[in-house]
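As the structure is a computational prediction, the values presented were derived from the model and not from experiment.
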Amino acid sequence: MNQSQSHPRVSVILPTHNRPDLLRDAIESLLSQTYTDWEAMIVDDASDPAAELPVDQRFRALRHQTSMGGAAAKNAGASVSSADILAFLDDDDLYAPSYLERAVSVLDKHPEVDVVFMGVSWFGARAEAGQRAYDHAMQALLARVGTSNKDENVLLFRRSGLFDGLLRTVPMAFQRPVVRRESFTRIGSYQADILLWDCDWALRAALSASCAFLPEGLYLQRAEGQGFSSQQDMRAAHLKSNVLMKERLLARGLTREQRRAVKRSLSDLWFGAAWAHYLNDKANESAACLWKSAKIDLGLQHLKLLARLALRRLRGAT
């Protein structure tokens with residue numbers, strides 16, 4: 001495909017921080033795209049030394065003097081890019097050669113679609129476990145959400161069904177959007193103060209945009225323990241982030257059913273934390289999380305766990 005005369009059709013936003021070897025691989029996957037009408041906005045998030053770009057007029061650079069994180073870097077790249085379609089690539093991942101071509105074809109064939117979420121394949125030392133967990137999460141999600149298919153190669157979602165499904169889990173595919181610029185502006189930018197900012201964006205997209213899913217595993221996700229959030233036990237931080245993004249959803253103009261679903265999801269989050277603390281013999285932490293869960297949506301499971309905690313305390317006192 002020939003590059004357009006005025007401005008490119010797609011802007012690929014690629015943030016990077018101190019990973020030059022991985023960045024070179026990511027750039028090579030861009031240079032191998034079958035679709036060529038794109039620009040790449042490399043956002044150098046204060047790398048030392050500065051990131052190097054190939055000699056190719058399609059690449060532009062934006063450099064932060066201090067590191068601001070992935071969400072802020074993607075927002076900055078999107079704000080100065082020029083195309084009507086935005087795609088995102090992390091510096092430790094790759095695009096399959098037909099990634100952009102297939103994404104653009106979905107948006108062209110379905111003008112009503114605002115966002116196409118891209119299927120994921122895993123590679124690297126931990127790929128088998130990552131792929132297995134991803135496949136399980138996708139099967140569970142797709143079994144819950146409603147679709148209105150017109151195209152056998154693409155899933156078109158009913159908005160309410162996708163939102164309810166993503167409240168339970170946000171598989172990696174729904175963290176890999178290709179989106180029309182006007183829709184990105186309407187949905188809103190990534191929220192840098194939320195650790196799970198890409199999950200938060202997917203939920204907001206499901207609320208306010210028409211979404212599709214391309215199942216082919218064209219986004220190549222590296223699984224070698226290199227991810228910044230996978231390098232230590234992040235359960236507490238993930239819980240805090242998950243709670244924050246759902247509390248912010250409650251501040252939006254939701255329907256009664258949507259508010260009920262968000263509250264139920266919040267209650268489940270706190271209950272899951274309570275159960276985990278109980279299994280790790282942390283009674284005080286378990287009780288605190290159980291109380292937060294029960295305040296939102298009291299159920300039989302709360303009474304059962306409370307009884308277990310009381311019985312454990314009695315046994316410890318004898």
Side-chain angles (χ1 to χ4, degrees), residues 1-4 7-65 67-104 116 118-127 130 172-173 175-179 181 184 190 198 214 216-230:
M1 297 185 179
N2 295 325
Q3 199 163 2
S4 61
H7 59 79
R9 186 85 191 283
V10 180
S11 293
V12 178
I13 315 303
L14 202 171
T16 188
H17 176 72
N18 286 343
R19 299 201 280 203
D21 293 338
L22 296 181
L23 176 62
R24 278 192 289 271
D25 290 345
I27 287 174
E28 185 60 37
S29 78
L30 268 177
L31 292 171
S32 300
Q33 290 298 295
T34 57
Y35 186 90
T36 60
D37 191 6
W38 52 265
E39 67 172 3
M41 177 57 62
I42 308 297
V43 184
D44 184 351
D45 196 32
S47 296
D48 185 18
E52 296 183 4
L53 273 65
V55 181
D56 188 309
Q57 64 180 2
R58 292 174 296 180
F59 285 82
R60 295 197 287 146
L62 173 66
R63 178 169 169 81
H64 290 163
Q65 295 306 309
S67 179
M68 301 174 67
K74 287 187 177 182
N75 291 338
S79 69
V80 298
S81 62
S82 62
D84 293 332
I85 297 173
L86 301 177
F88 301 90
L89 175 61
D90 290 348
D91 64 354
D92 54 338
D93 297 331
L94 309 171
Y95 282 168
S98 61
Y99 184 91
L100 292 178
E101 182 176 356
R102 293 289 289 119
V104 171
V116 54
M118 303 295 288
V120 172
S121 294
W122 300 71
F123 73 99
R126 303 180 185 179
M172 189 59 70
Q175 302 170 44
R176 304 304 178 205
V178 178
V179 55
R181 176 180 296 278
F184 184 80
Y190 292 110
D198 38 12
L214 185 63
E216 300 169 50
L218 300 177
Y219 189 99
L220 308 183
Q221 183 83 25
R222 191 183 300 268
E224 295 179 346
Q226 82 292 340
F228 295 117
S229 66
S230 65

Colleague: Could you grab the distance from atom CD of Q175 to atom CG of D198, nearest 0.5 Å is fine?
Modeller: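 That separation rounds to 4.0 Å.
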
Colleague: Between E39 (side chain) and I13 (backbone), is there a donor-acceptor pair under 3.5 Å?
Modeller: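 Not at all, since once roles are kept as given, no pair shorter than 3.5 Å links the two residues.
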
Colleague: Drop me the distance from T34's OG1 to Y99's OH, to the nearest 0.5 angstrom.
Modeller: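 Rounded to the nearest 0.5 Å, the OG1-OH separation comes out at 13.0 Å.
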
Colleague: Between L23 and S47, is the side chain to side chain contact (heavy atoms under 4.5 Å, CB included) condition met? List the steps.
Modeller: CA-CA 11 Å; L23 176 62; S47 296; over 6 Å; no

Colleague: For the pair N18 (side chain) and D48 (backbone), establish whether a donor and an acceptor sit closer than 3.5 Å, ignoring hydrogens and angles.
Modeller: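 Side chain of N18 to backbone of D48: a pair is present.
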
Colleague: Under the 3.5 angstrom rule, does the side chain of R176 hit a backbone N or O of L220 as a donor-acceptor pair?
Modeller: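 Between the backbone of L220 and the side chain of R176 there is no qualifying donor-acceptor contact (under 3.5 Å).
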
Colleague: CG of L30 to CZ of F59: how many Å apart, nearest 0.5 Å?
Modeller: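 If I round to the nearest 0.5 Å, the distance is 5.0 Å.
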
Colleague: Are the side chain of D84 and the backbone N or O of R9 linked by a donor-acceptor pair below 3.5 Å?
Modeller: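 No: the side chain of D84 does not pair with the backbone of R9.
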
Colleague: Any side-chain heavy atom of P20 sitting closer than 4.5 Å to one from E52?
Modeller: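 Not in contact.
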
Colleague: For the salt bridge (charged side-chain N to carboxylate O under 4.0 Å, His left out) test, which of R19, R60, R63 pairs with D44?
Modeller: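 The salt bridge (charged side-chain N to carboxylate O under 4.0 Å, His left out) with D44 is passed solely by R63 among R19, R60, R63.
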
Colleague: Do R102 and V116 have side chains that get closer than 4.5 Å, going by heavy atoms?
Modeller: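 In short, these two side chains do not touch, never coming nearer than 4.5 Å.
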
Colleague: Please report the shortest heavy-atom distance between G77 and L62, naming the atom on each side.
Modeller: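 In terms of heavy atoms, the two residues are closest at N-CD2, 4.3 Å.
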
Colleague: Hey, could you give me each pair passing side chain to side chain donor-acceptor pair (under 3.5 Å) that has a residue in residues 69-80? Not counting sequence neighbours.
Modeller: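 For residues 69-80, and leaving out neighbouring residues, the side chain to side chain donor-acceptor pair (under 3.5 Å) pairs sorted by first residue read K74-D90.
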
Colleague: Are any side-chain N or O atoms of S32 and backbone N or O atoms of P97, one a donor and one an acceptor, separated by less than 3.5 Å?
Modeller: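 Judged by distance alone, no pair lies under 3.5 Å.
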
Colleague: Carefully, step by step, assess E28 and L94 under the rule side chain to side chain contact (heavy atoms under 4.5 Å, CB included).
Modeller: CA-CA 8 Å; E28 185 60 37; L94 309 171; over 6 Å; no

Colleague: Between the side chain of S81 and the main-chain N/O of A78, is any donor-acceptor distance below 3.5 Å?
Modeller: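 Yes; at least one donor-acceptor contact below 3.5 Å.
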
Colleague: Give a yes or no on whether the backbone of G217 and the side-chain of S121 come within a donor-acceptor separation of less than 3.5 Å.
Modeller: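 Yes, because the side chain of S121 sits within donor-acceptor range (under 3.5 Å) of the backbone of G217.
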
Colleague: For a quick test of reading the model, state the closest non-hydrogen atom pair linking Q221 to V120 and the distance between them.
Modeller: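 The answer is CB-CG1, 3.6 Å.
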
Colleague: What's the shortest heavy-atom distance between T16 and A51, and which atoms?
Modeller: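 Closest pair (atom of T16, atom of A51, distance): CG2-CB, 4.0 Å.
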
Colleague: Does any non-hydrogen side-chain atom of M172 lie less than 4.5 Å from one of W122?
Modeller: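 They are in contact (side-chain heavy atoms under 4.5 Å apart), so the answer is yes.
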
Colleague: What heavy-atom pair brings A73 and P15 nearest, and what distance separates the two atoms?
Modeller: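 Closest approach of A73 to P15, heavy atoms only: CB-CB, 3.5 Å.
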
Colleague: Measure the shortest side-chain to side-chain distance between L100 and V12 over non-hydrogen atoms and say whether it is less than 4.5 angstrom.
Modeller: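 Yes, their side chains come closer than 4.5 Å.
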
Colleague: Using the six-membered ring wherever Trp is involved, compare the ring planes of F184 and F88 and label them parallel, tilted or perpendicular (cut-offs 30° and 60°).
Modeller: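 The rings of F184 and F88 sit tilted, inter-plane angle from 30° to 60°.
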
Colleague: With rounding to the nearest 0.5 angstrom, report the CD1 to CG distance, I27 to D91.
Modeller: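 Output value for this atom pair is 9.5 Å.
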
Colleague: Taking R222 as the fixed residue, which of D25, D93, D92 is the one that meets the salt bridge (charged side-chain N to carboxylate O under 4.0 Å, His left out) rule?
Modeller: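 Among D25, D93, D92, the one meeting salt bridge (charged side-chain N to carboxylate O under 4.0 Å, His left out) with R222 is D25.
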
Colleague: Looking at CG of L53 and CZ of R24, how far apart are the two atoms once the value is rounded to the nearest 0.5 Å?
Modeller: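 Taking CG in L53 and CZ in R24, the distance rounds to 12.0 Å.
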
Colleague: Grab the two heavy atoms, one from W38 and one from P8, that are nearest each other, plus how far apart they are.
Modeller: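 Looks like C-CB, 3.7 Å.
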
Colleague: Write down the atom of V178, the atom of A103, and the distance for their closest heavy-atom approach.
Modeller: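 That closest heavy-atom pairing would be CG2-CB, 3.9 Å.
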
